[in-house]
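Working notes, beginning with the structure itself.
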Amino acid sequence: MKHRITIADLHFLSSSLHPNIFNHHQQSRSITKVRLKWVKNRSLDNIIDIHTDLKAANILKDAIFHRPTQFLTAKSLSDTQKLLGITIPTLRFIRRYPTLFEEFPHPKYASLPCFRLTQIALNLHKLEQKIYEIEEPNIVERLCRVLMMSRNKQLPLRSLHLLRWDLGFPYDYDQVLAGKYGDMFEIVKSSNGLSSSLKLVKWVDEFAVSELQKSNEVEEISGDCYKRFLRGKSVLEFPLSFPRGYGGQKKVKAWMDEFQKLPYVSPYEDSSKIDPESELMEKRIVGVLHEFLSLTVYKKTKRNYLRNLTDEYNMPFRFTRIFTRYPGIFYLSLKCKTTSVALKEGYRRGKLVNPCQIAKYRGKFHHVMRTGLIYRKKGLEMLPELDSLVEDDAVGIDGEESSGDEEVESSGEWVEDDDEDEEFDDASDRD
């Protein structure tokens, strides 16, 4: 089978509710007419910075491996900086990591630099394939759930390709999974007949349980749920982690108490009967974004990748206001000349909470990257065999450990909900 050429590969980066619920929360939006001032979180910004380079290096690794020649020329990399989302030219970037990419002259044109994978990079690639095999049931479930949240139980492949890294899907996941699990997935033509979509063939009831609902089940087992009930709390509440100076404010507390009391609408339930201008719909959108980010490897993604899903997920196109209005749940970052959104509960003290096997593998990959960046070619001699790499796979991948999430520019100011999307559009994604 012929694999896609390098530039095409890099284009992964460009490319039923209960009726009584609706009767009580459809008319007013007085609470949600306000939002809190954006606060910068240095810890999460640092993580996003690290992951940007990690993602770019992995995509280059896949591009080289799937080339018939097993190498890339400097010329073919000349226009890929924007696609990779990095802040320096790709040629300079790839030369930063000699532990992964070996430079050599072209067989025919000696003045043309070329790059192939080092032996340790090939070993890492083999390890990655083994992990994907082990994780395949989880990958299938994750893909099912992403499709189950959509309006027609299908999503454009172009939108899914952009999310491949964030969702932890393997290379050519669409062809492989659609072929292997034909009873669950099907590649179909989109309504316009010009593009393809991945469609869910079989609904799986056990997958239609959100991460918030699962965490509540854990609380029920541990007895925490009963304690919350005694305090007059709702059974299903979003975990909150406010920036400093916000959580203790009476207005903020009253606002979030009202929000938490609204009925929880599962992202896997039909939302077509909910008034799009109601508070209930806003809470449902918060639930959809919370669930989607919970399904990603690093509990974060780029805002524009989510924007591609607004129609399929029944969300407003200008949905950035959700992130700025609920800073206790989400964090919006402007790092690396792009706008990213993270689920705050996914991180604690600068570290990813409960990293999956794919995240742990990427920790090893980053260890090799960082060794090359610090020691250059000498790093190859310093690296042990892959099997004996440190067991703490997350070292260096989730940012510097700190005494807590560093947040600056804190303010208790309440701002009218007018055009808050515009201030973030200035740092719009360049994918």
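- Of all heavy-atom pairs spanning G168 and Y132, the tightest one is O-CE2, 3.5 Å.
- Once rounded to the nearest 0.5 Å, the distance linking CG of L147 with CZ of R142 reads 12.5 Å.
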### Message
Could you walk me through whether M256 and L240 satisfy the side chain to side chain contact (heavy atoms under 4.5 Å, CB included) test, starting with their C-alpha distance in whole Å, then the side-chain angles of each, then the deciding distance to 0.1 Å, before giving a yes or no?
### Response
CA-CA 9 Å; M256 289 312 301; L240 300 176; 3.9 Å; yes

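- Taking each heavy atom of C336 and T87 in turn, the nearest pair found is CA-CG2, 4.4 Å.
- Within the 4.5 Å cutoff, no side-chain heavy atoms of E277 are placed close to those of M281.
- Ring planes of F169 and Y173: tilted class, angle from 30 to 60°.
- Nearest approach of P316 to T310, heavy atoms of both residues: O-CG2, 3.6 Å.
- With respect to D62 and R67, no salt bridge is recorded, no charged nitrogen being found less than 4.0 Å from a carboxylate O.
- Under the 4.0 Å criterion applied to side-chain N and carboxylate O atoms, R145 and E141 are assigned as salt-bridge partners.
- Residues T90 and T80 bring a donor and an acceptor atom of their side chains to less than 3.5 Å of each other.
- Side-chain contact between R325 and W255: present, with at least one pair of heavy atoms (C-beta onward) separated by less than 4.5 Å.
- By the 4.0 Å N-to-carboxylate-O rule, K214 lies close enough to E211 to be salt-bridged with it.
- In this structure, SG on C356 lies 8.5 Å from CG on N138, to the nearest 0.5 angstrom.
- In this structure, the side-chain contact (heavy atoms from CB on, under 4.5 Å) partners of E102, at least two apart in sequence or on a different chain, are R116, T118.
- Each of F323, Y347, F319, F292 was scored for a ring pair (Phe, Tyr, Trp, His ring centres under 6.0 Å) with F330, with one residue passing: F323.
- Going from atom OG of S159 over to atom CG of L198 covers 11.5 Å, rounded to the nearest 0.5 Å.
- No more than 12 heavy atoms of other residues, nucleotides or ligands sit less than 6.0 Å from atom CG of N354.
- Taken to the nearest 0.5 Å, the NZ atom of K199 stands 8.5 Å off from the CG atom of N152.
- Formation of a donor-acceptor pair under 3.5 Å by the S241 side chain with backbone atoms of E345 is not found in this model.
- K283 forms a cation-pi arrangement with F259, by the criterion of a distance under 6.0 Å to the ring centre and an angle within 45° of the ring axis.
- Although no hydrogens or angles enter the test, the distance criterion places no donor-acceptor pair under 3.5 Å between the side chain of S271 and the main chain of I274.
- Y181 places a side-chain heavy atom less than 4.5 Å from the side chain of E136.
- Between R158 and N308 the shortest side-chain heavy-atom distance does not fall below 4.5 Å.
- Annotation for A57 and F101: closest pair O-CZ, 3.6 Å, computed over non-hydrogen atoms.
- Using the six-membered ring where Trp is involved, H125 and H66 have ring planes that are perpendicular, over 60° apart on the 30 and 60° scheme.
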### Check against side chain to side chain contact (heavy atoms under 4.5 Å, CB included), H366 and D53
CA-CA 9 Å; H366 183 262; D53 287 355; over 6 Å; no

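- In this structure the side chain of L343 reaches within 4.5 angstrom of the side chain of S294, judged on heavy atoms.
- A donor-acceptor pair is defined here as one N or O able to donate and one able to accept, closer than 3.5 Å; such a pair exists between the side chain of R151 and the backbone of D311.
- No side-chain heavy atom of Q154 sits under 4.5 Å from any side-chain heavy atom of L200.
- Evaluation of the side-chain contact (heavy atoms from CB on, under 4.5 Å) rule for V201 yields E186 as partners, not counting sequence neighbours.
- Aromatic ring centres of F207 and Y268: separated by at least 6.0 Å.
- Here I94 contributes atom CD1 and L72 contributes atom CG; the two are 6.5 Å apart, rounded to the nearest 0.5 Å.
- Summarising the local packing, NZ of K153 is surrounded by more than 12 heavy atoms from other residues, nucleotides or ligands at distances under 6.0 Å.
- Figure legend: cation-pi geometry between R307 and F317, with NZ or CZ positioned under 6.0 Å from the six-membered ring centre and within 45° of its axis.
- Q213 is listed as a side-chain neighbour of S266, based on a closest heavy-atom distance under 4.5 Å.
- In this model, no donor atom of one side chain and acceptor atom of the other lie less than 3.5 Å apart for D166 and T296.
- Side-chain atoms of K344 come within 3.5 Å of backbone atoms of P327 as a donor-acceptor pair (strictly under, hydrogens ignored).
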### Task
Could you give me the CA-CA distance, side-chain angles and deciding distance for S340 and K335, then say whether side chain to side chain contact (heavy atoms under 4.5 Å, CB included) is met?
CA-CA 8 Å; S340 301; K335 195 69 175 176; over 6 Å; no

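- When all heavy atoms are compared, the tightest approach of T371 to T99 is C-CG2, 4.4 Å.
- Between the side chain of N46 and the backbone N or O of R42 there is no donor-acceptor pair closer than 3.5 Å.
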### CA sep, side-chain torsions, deciding dist, call: L77, L60, side chain to side chain contact (heavy atoms under 4.5 Å, CB included)
CA-CA 9 Å; L77 296 171; L60 286 169; 3.8 Å; yes

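- Using cut-offs of 30° and 60° for the angle between ring planes, the W165 and Y298 rings count as tilted.
- Across all non-hydrogen atoms, the minimal contact from P156 to S197 is CA-OG, 3.5 Å.
- Separating the NZ atom in K189 from the OG atom in S196 is a distance of 4.0 Å, to the nearest 0.5 Å.
- Aromatic ring centroids of Y326 and F238 lie 6.0 Å or more apart.
- Contact of the F365 side chain with the E128 side chain is not registered, since no non-hydrogen atoms from C-beta on lie closer than 4.5 Å.
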